[in-house]
**Q** 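After the structure tokens below, expect a handful of questions from me.
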Amino acid sequence: MLLMGELERRIMDLLWDAGRPLTAAELRDSLDTDGTETPAITTVLTVLSRLERKDFVRRDRKRRPHLYEPARSRAEHMAELMHDVLRHSPEQEAVLARFVRSAGPKEAELLRNLLNDEPAP
């Protein structure tokens, strides 16, 4: 299971929220506005390279500066994490039962609709 570090997660959130490819400089500038310490551009580039190796981002090398975009959507990533947890659990039924029982009313309704192959309300 590939998890992300704090800075990796912040960068991925920016990429997912942007809806378009971003440069490392744009990402760094966006990190500058979130109230935390702003990393150096070299740090952002290192993190982007690591995310690319982990297959979280794709880099467009055809232009300079390079553009980065998510390799998959946030929903696809989260679903993969959930599948990994189930795959690696010796107690899949207990994990699923705990998850379903902890769902709120809206989540439970959404789960019912999805299991019945009905559109979400």
Side-chain angles (χ1 to χ4, degrees):
M1 180 177 354
L2 289 176
L3 298 176
M4 289 185 246
E6 178 63 23
L7 185 53
E8 289 175 326
R9 186 197 51 75
R10 288 172 51 210
I11 287 174
M12 287 306 302
D13 282 341
L14 289 169
L15 288 170
W16 281 319
D17 292 344
R20 66 176 178 85
L22 298 173
T23 66
E26 289 173 315
L27 288 162
R28 184 193 177 282
D29 291 347
S30 294
L31 289 168
D32 190 34
T33 63
D34 71 359
T36 60
E37 186 176 335
T38 304
I41 190 70
T42 54
T43 302
V44 173
L45 287 165
T46 298
V47 170
L48 286 165
S49 291
R50 198 171 31 209
L51 287 167
E52 185 179 19
R53 278 193 312 274
K54 292 180 178 181
D55 198 31
F56 285 120
V57 300
R58 287 189 298 259
R59 177 176 17 174
D60 180 356
R61 298 171 190 260
K62 294 178 198 148
R63 65 172 294 243
R64 294 277 186 179
H66 293 165
L67 290 173
Y68 297 86
E69 64 182 341
R72 64 185 64 85
S73 71
R74 181 184 278 130
E76 289 169 321
H77 170 68
M78 295 300 181
E80 182 61 31
L81 288 176
M82 293 165 62
H83 282 292
D84 279 350
V85 168
L86 286 175
R87 269 194 301 272
H88 293 96
S89 173
E91 301 176 358
Q92 290 181 351
E93 186 175 337
V95 172
L96 276 173
R98 177 79 176 191
F99 176 76
V100 170
R101 288 185 186 118
S102 67
K106 287 182 182 179
E107 294 161 332
E109 182 178 357
L110 179 57
L111 283 169
R112 274 191 296 278
N113 290 340
L114 290 170
L115 289 170
N116 292 326
D117 204 23
E118 299 172 8

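All figures in this text were calculated on a predicted structure; none of them were measured in a lab.
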**Q** Could you pull out the closest heavy-atom pair between Val57 and Met12, with the gap in Å?
**A**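 That closest heavy-atom pairing would be CG1-SD, 3.4 Å.
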**Q** Within the 4.5 Å heavy-atom criterion, are Asn113 and Glu109 side-chain neighbours or not?
**A** yes
**Q** Can you find a heavy atom in the side chain of Phe56 that is under 4.5 Å from one in the side chain of His77?
**A** yes
**Q** I'd like to check the side chain to side chain donor-acceptor pair (under 3.5 Å) partners of Glu6; sequence neighbours left out, ordered by chain and number.
**A**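 In terms of side chain to side chain donor-acceptor pair (under 3.5 Å), with neighbours along the sequence ignored, Glu6 is linked to Arg9.
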**Q** Identify, with sequence neighbours excluded, every residue that meets side chain to side chain donor-acceptor pair (under 3.5 Å) alongside Glu52.
**A** Arg59, Arg61
**Q** For residues 96-108, run the donor-acceptor check on the side chains, cut-off 3.5 Å, and write out each pair with its distance to 0.1 Å, sequence neighbours left out.
**A**
from	atom 1	to	atom 2	distance (Å)
Ser102	OG	Arg98	O	3.1
Ser102	OG	Phe99	O	2.9
Glu107	OE1	Gly104	N	2.6

**Q** Could you tell me whether the side chain of Thr23 reaches within less than 4.5 Å of the side chain of His66, counting heavy atoms only?
**A**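 No; the side chains remain at least 4.5 Å from each other.
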**Q** Are Leu7 and Ile11 packed together at the side-chain level, in the sense that at least one heavy-atom pair is separated by less than 4.5 angstrom?
**A**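 Yes, at least one pair of side-chain atoms sits under 4.5 Å.
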**Q** Please identify each residue that fulfils side chain to side chain donor-acceptor pair (under 3.5 Å) with Thr38, with sequence neighbours left out.
**A** Asp32
**Q** Under the 3.5 angstrom rule, does the side chain of Arg58 hit a backbone N or O of Glu69 as a donor-acceptor pair?
**A** no
**Q** Apply salt bridge (charged side-chain N to carboxylate O under 4.0 Å, His left out) to Arg74 and list each qualifying residue two or more places apart in sequence or on a separate chain.
**A** Asp13, Asp17
**Q** Could you tell me which residues satisfy side-chain contact (heavy atoms from CB on, under 4.5 Å) with Ser73, sequence neighbours excluded, listed by chain and number?
**A** Ala75, Glu76
**Q** Can you list everything that forms a side-chain contact (heavy atoms from CB on, under 4.5 Å) with Leu22? Sequence neighbours excluded, please.
**A** Leu15, Ala18, Arg20, Glu26, Leu27
**Q** The criterion is side-chain contact (heavy atoms from CB on, under 4.5 Å); which residues satisfy it with Thr46, sequence neighbours excluded?
**A**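 Counting only residues at least two positions away or on another chain, Thr46 forms no side-chain contact (heavy atoms from CB on, under 4.5 Å).
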**Q** With the 4.5 Å side-chain cut-off for hydrophobic clustering, are Met82 and Leu110 part of the same group?
**A**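 Met82 does not cluster with Leu110.
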**Q** Can you sort out the partners of Arg72 under side chain to side chain donor-acceptor pair (under 3.5 Å), two or more places apart, ordered by chain and number?
**A**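 Side chain to side chain donor-acceptor pair (under 3.5 Å) list for Arg72, sorted by chain: Asp55.
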**Q** Can you name the nearest heavy-atom pair linking Arg50 to Glu8, along with the distance?
**A** NE-OE2, 3.1 Å
**Q** Which atom names give the shortest non-hydrogen contact between Val44 and Pro39, and what distance separates them?
**A**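 So the minimum-distance heavy-atom pair works out to CG2-CG, 3.9 Å.
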**Q** Can you tell me if Arg64 has over 12 outside heavy atoms packed within less than 6.0 Å of its CZ?
**A**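 Atom CZ in Arg64 is not crowded, with 12 or fewer foreign heavy atoms closer than 6.0 Å.
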**Q** My understanding is that only residues two or more places apart in sequence, or in another chain, count here; which of them pass side-chain contact (heavy atoms from CB on, under 4.5 Å) with Arg63?
**A** Asp60, Pro65, Leu67
